[in-house]
> 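Below is a structure I'd like to ask you about.
For reference, positions follow the sequence shown, starting with 1.
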Amino acid sequence: MHKLLLFALFAAGFTSCAPARFVKPLDEGRHAAALSLGGPLIKFGETTIPMPLVSAVYGYGFDSTFTGFGGLNLTSAFYGNVQLDLGVTKKLLSQKGAVPAVSVTPVANIIYRNKDAKKLYPQLDIHAYWEVNRARNLIYAGFSNWFELGGEKAHDKEQEHRWLFTPQVGHQFVRPKWDITIEAKIIAPHISYESNVVEYQSPLGKSGAFGIYFGYTRKF
């Protein structure tokens, strides 16, 4: 029962299992591997904690404006689910003074447990970002958009929400060989979680969930 409860908690947070992937594209020919920890805040006993979701991602810079990547939710895999995200980041605009650079990140999220439990969620992220302090810091803000393709949810109920919208902000400490990322987001602020088995914590009361994430990236 304990294992099933944990699995339910982790599955409930799948739309927020990681911080944004490669807001700024890697340099041409650059490889990067990253680990992240965090998730939406939930009530756990008498305290509030972020879901302990761990994910890994690998990226490669095809050129200075275009990076491809693939990620895996390690926590979900431990409980028998495969959750992959495959995508690219494309820089659309370069930074000019206080005017930010802009990037777009289309992603395919693949979730598989067995032949009866499999899903595909398209995702589109849009970010504005600023490099400051001689590019040793990167500040970003943007939106993550998940799209539900299925017409029904669990127990044959009609799917009410086809679009999951998440605003997010983050800060990267950038060094030649490594980065550290801190990100905060409000997950699906337009959706009420009042009847959900998981008690999410949100600045909007019973709508949305507040998430905190920490990431470490090694570049080579």
> Under the side chain to side chain contact (heavy atoms under 4.5 Å, CB included) criterion, do L37 and L35 qualify, and how do the steps go?
CA-CA 7 Å; L37 171 66; L35 285 173; over 6 Å; no
> Yes or no on side-chain hydrogen bond (donor to acceptor under 3.5 Å, both in side chains) for S144 and D125, after CA distance, side-chain angles and deciding distance?
CA-CA 4 Å; S144 179; D125 291 1; 2.8 Å; yes
> Assess whether side chain to side chain contact (heavy atoms under 4.5 Å, CB included) is satisfied between I42 and M51, documenting all intermediate values.
CA-CA 7 Å; I42 60 172; M51 277 190 179; 4.0 Å; yes
> Would you say W178's side chain and K219's backbone share a donor-acceptor pair under 3.5 angstrom?
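Absent.
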> Mind checking the NZ-OG1 spacing from K24 to T89? Nearest 0.5 Å is all I need.
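The NZ atom of K24 sits 12.5 Å away from the OG1 atom of T89.
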> Compute the centroid of each ring, for F69 and then for Y58, and state whether the two points are separated by less than 6.0 Å.
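Judged by ring-centre distance (under 6.0 Å), F69 and Y58 do not meet the cut-off.
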> Test side chain to side chain contact (heavy atoms under 4.5 Å, CB included) on H171 and T181; report intermediate values, then the result.
CA-CA 6 Å; H171 187 170; T181 301; over 6 Å; no
> Tell me whether N73 contacts the main-chain N or O of S76 through its side chain, where contact means a donor paired with an acceptor under 3.5 Å.
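It does hold such a pair.
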> Could you measure the distance from the CG atom of L120 to the CG atom of N109? Nearest 0.5 Å is fine.
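The CG atom of N109 is 8.0 Å from CG of L120, to the nearest 0.5 Å.
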> Distance only, no hydrogens: is a donor on one side chain within 3.5 Å (strictly under) of an acceptor on the other, for N145 and W163?
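Yes, W163 and N145 have a side-chain donor paired with an acceptor closer than 3.5 Å.
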> For the residue pair K91 and Y129, what are the closest heavy atoms and their distance?
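Distance-wise, the nearest heavy atoms are CD-OH, 3.0 Å.
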> How far does CD1 of I180 sit from CD of Q172, to the nearest 0.5 angstrom?
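Interatomic distance, I180 CD1 to Q172 CD, rounded to 0.5 Å: 10.5 Å.
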> Hey, does the Lys NZ or Arg CZ of K185 hover above the aromatic six-ring of F210, less than 6.0 Å from the centre and inside 45° of the axis?
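Relative to the ring axis of F210, which defines the angle, K185 lies outside at least one limit.
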> Please report the C-alpha distance between V104 and L124 in whole Å, then the side-chain angles of each, then the deciding distance to 0.1 Å, and finally whether the side chain to side chain contact (heavy atoms under 4.5 Å, CB included) criterion is met.
CA-CA 7 Å; V104 61; L124 181 65; 3.5 Å; yes
> Give a yes-or-no answer on whether the side chains of S36 and S55 include a donor-acceptor pair shorter than 3.5 Å.
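Short answer, yes.
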> Does the side chain of H127 come under 3.5 Å of the side chain of Q168 through a donor N or O and an acceptor N or O?
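Indeed, the side chains of H127 and Q168 share at least one donor-acceptor pair under 3.5 Å.
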> Are there over 12 heavy-atom neighbours, none belonging to R175, within less than 6.0 Å of that residue's CZ?
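Result for CZ/R175: enclosed.
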> Is the ring centre of Y60 less than 6.0 Å from the ring centre of F62?
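Yes, they do, as the ring centres are separated by less than 6.0 Å.
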